[in-house]
Number of protein chains: 2
Amino acid sequence: MVDAEGHPSRDEMELAAVLNALSDPLRYRVVQEFAELPDGTERTCLSFELGVSKSTLSHHFRILRESGLVQQINRGNSRKAHLRREDLEARFPGLLDLIGQNPPPRKDPADDADA
Amino acid sequence: MVDAEGHPSRDEMELAAVLNALSDPLRYRVVQEFAELPDGTERTCLSFELGVSKSTLSHHFRILRESGLVQQINRGNSRKAHLRREDLEARFPGLLDLIGQNPPPRKDPADDADA
DNA sequence: CCCAAGGTTCGGTTTTTGTCGAACCTGAGA
DNA sequence: TCTCAGGTTCGACAAAAACCGAACCTTGGG
């Protein structure tokens, strides 16, 4: 089963849950940013400049965590998240490459131009 | 650009849009079923037994269409949909394999058992 | 010519999901 | 010990998405 913090084991990961997690633009950005960073990189939730409140951030990281995309580890004072690269690659081969190679589409500049 | 029916060209496909399309259980089922069928298989929307009304079905197929996952072709009386395998494989290599190999998680029987 | 089948569009309702602020917990460090 | 930074939880609210029925369009076939 999942551990106390709600992390699924590798075998329990569901593609549907992962895709659902990735369907939110903010969460996609987090995973995409992670995918471009060196393996094992740890970051705090706050280090992502997502422009939402702490509680919302916590909510999004819960979904990332429970889908299996990231793991969060208590480091005493803080809490560090990292991409579960090895598990994801084993369970859903190729998925992370896809995400790493597809940065989120940013707002079309034309939207500002003639809005 | 997209053609009159709203199909993006291969280059215009956005992974974010595709993942978003796949994040709905019904739409996931459609794509997953297609993925298991022989290449080029054509089906009508209605042929998927999704248990929703026609208008809802139309809504879901629009999202599948506009994300680039399926193409719908007018066949006079009817309208046939098929998976855009070649385009998807070129644009997002490995994605269809992932879906084909991960059937949707069905309702946990325990839900009915002690509900 | 009319009908039926397959789809779409258009409101409007319901459900889900993202969002916030406030209160709270934890541990590092002054 | 007090404080503060990082996170979580809770309840409420707002935005988005799913869903439906009804009216409508198109075309093949009787």
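Since this is a predicted model, take the numbers as computed values, not measurements. Per chain, numbering begins at 1; letters A, B, ... match sequence-line order.
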Item to check | Check against side-chain contact (heavy atoms from CB on, under 4.5 Å), Ile99(B) and Phe34(B) | outcome: CA-CA 10 Å; Ile99(B) 297 170; Phe34(B) 261 132; over 6 Å; no

Checklist entry - Taking it one step at a time, do Leu83(B) and Gln71(B) satisfy side-chain contact (heavy atoms from CB on, under 4.5 Å)? => result CA-CA 6 Å; Leu83(B) 243 201; Gln71(B) 183 169 14; over 6 Å; no

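Counting heavy-atom neighbours within 6.0 Å of Glu89(A) CD, excluding the residue itself, gives a total above 12. In Glu5(B), the CD atom is crowded: over 12 heavy atoms of neighbouring residues, nucleotides or ligands sit closer than 6.0 Å.
Within the structure, a side-chain polar atom (N or O) of Arg27(A) is placed less than 4.0 Å from OP1 or OP2 of dG18(C). Side-chain nitrogen and oxygen atoms of Arg75(B) include none within less than 4.0 Å of the OP1 or OP2 phosphate oxygen of dT27(D).
dG30(D) atom C1' lies 13 Å from atom CG of Asn77(B), rounded to whole Å. If you take CD of Glu5(B) and P of dG6(C), they are 19 Å apart, rounded to a whole angstrom. In this structure, Arg43(B) places its CZ atom 13 Å from P of dG6(C), rounding to the nearest Å. Atom CG in Leu57(B) sits roughly 9 Å away from atom P in dT8(C) (whole-Å rounding). Look at CZ on Phe48(B): it is 14 Å from C1' on dG6(C), rounded to the nearest Å. Between the CG atom of Asn74(A) and the C1' atom of dT8(D) there is a distance of 11 Å, given to the nearest Å. Here the C1' atom of nucleotide dG7(D) and the CD atom of Glu42(A) are 16 Å apart, to the nearest Å. Residue Arg79(B) contributes atom CZ, which lies 12 Å from atom P of dT27(D) at whole-angstrom precision.
Contacts of Ser53(A) with the nucleic acid, taken as non-hydrogen atoms under 4.0 Å apart, include base atoms. Nucleic acid contact class of Leu50(A) (heavy atoms, under 4.0 Å, all strands): none. Contacts of Leu26(B) with the nucleic acid, taken as non-hydrogen atoms under 4.0 Å apart, involve only primed sugar atoms and P, OP1 or OP2. Using a 4.0 Å heavy-atom criterion, one finds that Asp24(A) contacts the sugar-phosphate atoms exclusively.
We find the CG-OG distance between Leu22(A) and Ser23(B) to be 9.5 Å, quoted to the nearest 0.5 Å.
Residue whose closest nucleotide on DNA chain C sits further toward the 5' end, between Gly76(A) and Gly51(A): Gly51(A).
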Between protein and nucleotides 9-12 of chain C, what N or O pairs are separated by less than 3.5 Å?
| from | atom 1 | to | atom 2 | distance (Å) |
| --- | --- | --- | --- | --- |
| dT9(C) | OP2 | Arg62(B) | NH2 | 2.5 |

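Geometric assessment of Arg29(A) against the ring of Phe48(A) yields a negative cation-pi assignment under the 6.0 Å and 45° thresholds.
Residues Arg79(A) and Ile73(A) fail the side-chain proximity criterion, which asks for heavy atoms closer than 4.5 Å.
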